[in-house]
**Student:** 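Quick one: the structure is below, questions incoming.
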Amino acid sequence: MDHGLDVEHQGFPADVIPLQYQALLLSDEARMSAFQQAIGHAVGPGMRVLDLGAGTGVLSYFAAGQGATVTAIEREPHVFAAARAALRAATGDRVRILHADARDYLPEAPVDVVLCEMLHVGLLRERQVEVITSFKRRYLRHIGGPLPRFLPEACVQAVQPVEQDFTYFGYTVPAPVFQLPESVQPRTVEAAPPQVFQQFFYQDPLPARCTADLRFVAERPAVVNAVRVITKNLLALTHEPPGSVDWTMNYLVVPLREPVEVLPGDEARIRFDYAPGDEIPALTDGLEISVLAHAH
């Protein structure tokens with residue numbers, strides 16, 4: 001479960017979050033409350049729930065609280081040990097936690113709900129799409145249909161051209177920036193509104209690429225030197241009332257190699273293409289912006 005933490009220098013793969021960072025995830029109230037609400041909608045007594053990449057096991061804890069029988073899968077040894085102790089204290093034997101890899105684990109019997117929060121904004125770095133694609137293929141081959149319900153159920157991704165202030169105390173460093181969606185961003189000028197470039201349900205075939213080729217009309221003068229990536233996870237679709245329980249991850253602002261100046265009414269084109277799970281440079285290295293037409 002990664003929210004912009006770079007842990008490669010600690011000797012961990014990008015998709016493994018070690019124990020010393022887990023409290024940051026647990027203290028993320030937007031994330032935690034959204035998952036608690038979604039699991040409350042989707043999970044009921046007697047259900048069989050599988051938690052892939054369980055981390056400290058908090059999603060398993062929520063599911064067990066709904067009366068489900070839960071199996072949690074976690075591969076990082078120290079996180080696994082912490083989760084095992086915490087789940088035993090909180091849920092007794094209602095959660096079975098296994099030291100295994102979510103990328104190849106397969107349950108012995110059908111399950112009703114699969115929880116999987118191996119997410120990073122932009123679907124970068126972490127293995128959400130890879131893990132669920134592999135799980136679906138193996139589940140259908142060895143257990144059969146129908147597939148279980150997946151939480152999150154769907155994903156919507158958008159991108160936005162911005163002018164970002166990358167200067168700190170007089171020192172300019174165009175480096176990726178994470179932003180809280182609910183916070184005012186005084187360093188960011190929004191040149192145009194966001195546009196969706198990708199949306200899908202996890203029950204359906206999952207995308208092999210994250211690709212955008214979009215045209216924007218500038219609403220204000222700006223030197224567009226970055227784009228902002230927005231990832232909204234529809235955790236659970238609800239029927240009464242109709243809607244969804246959503247979690248929008250921290251925005252990711254990535255710099256452009258060559259900024260472009262736009263005036264109101266100018267039309268600009270943004271293009272990029274990368275694979276889910278790629279590192280952030282796969283986005284930034286292929287990111288292109290051009291002005292197609294100037295306002296008259």
**Student:** When you check the gap from the basic side-chain N to the acidic O, do R84 and E74 get nearer than 4.0 Å?
**Tutor:**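 Answer for the salt bridge query: no.
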**Student:** Do R228 and Q179 get their side chains close enough for a donor-acceptor pair, meaning under 3.5 Å?
**Tutor:**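 Per modelled atom types, R228 and Q179 side chains form a pair under 3.5 Å.
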**Student:** Can you measure from CZ (R149) to CD (Q203) and round to the nearest 0.5 angstrom?
**Tutor:**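 It is 9.5 Å, given to the nearest 0.5 Å.
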**Student:** Quick check: closest heavy atoms across I270 and P161, and the distance to 0.1 Å?
**Tutor:**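 Heavy atoms only, the tightest pair is CD1-CB, 3.8 Å.
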**Student:** Should the pair F80 and H99 be assigned to parallel (<30°), tilted (30 to 60°) or perpendicular (>60°) ring geometry?
**Tutor:** parallel
**Student:** In terms of ring plane angle, is the pair F135 and Y139 parallel, tilted or perpendicular, where the classes change at 30° and 60°?
**Tutor:**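 Ring orientation of F135 relative to Y139: tilted.
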**Student:** Given 3.5 Å as the limit, does a donor-acceptor pair link the side chain of D112 with the main chain of V49, or not?
**Tutor:** no
**Student:** Between R125 (side chain) and I280 (backbone), is there a donor-acceptor pair under 3.5 Å?
**Tutor:** no
**Student:** Using a 3.5 Å distance criterion without hydrogens, assess whether the side chain of N233 forms a donor-acceptor pair with backbone atoms of L235.
**Tutor:** no
**Student:** Is there a side-chain contact between L234 and V156 in this structure, where contact means two heavy atoms from C-beta onward sitting under 4.5 Å apart?
**Tutor:**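 Side chain of L234 against side chain of V156, heavy atoms only: contact under 4.5 Å found.
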**Student:** Does the pair D213/R269 count as a salt bridge with the N-to-O cut at 4.0 Å?
**Tutor:**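 Answer for the salt bridge query: yes.
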**Student:** With hydrophobic residues grouped by side-chain heavy-atom distances under 4.5 Å, do L59 and L98 end up in a single group?
**Tutor:** yes
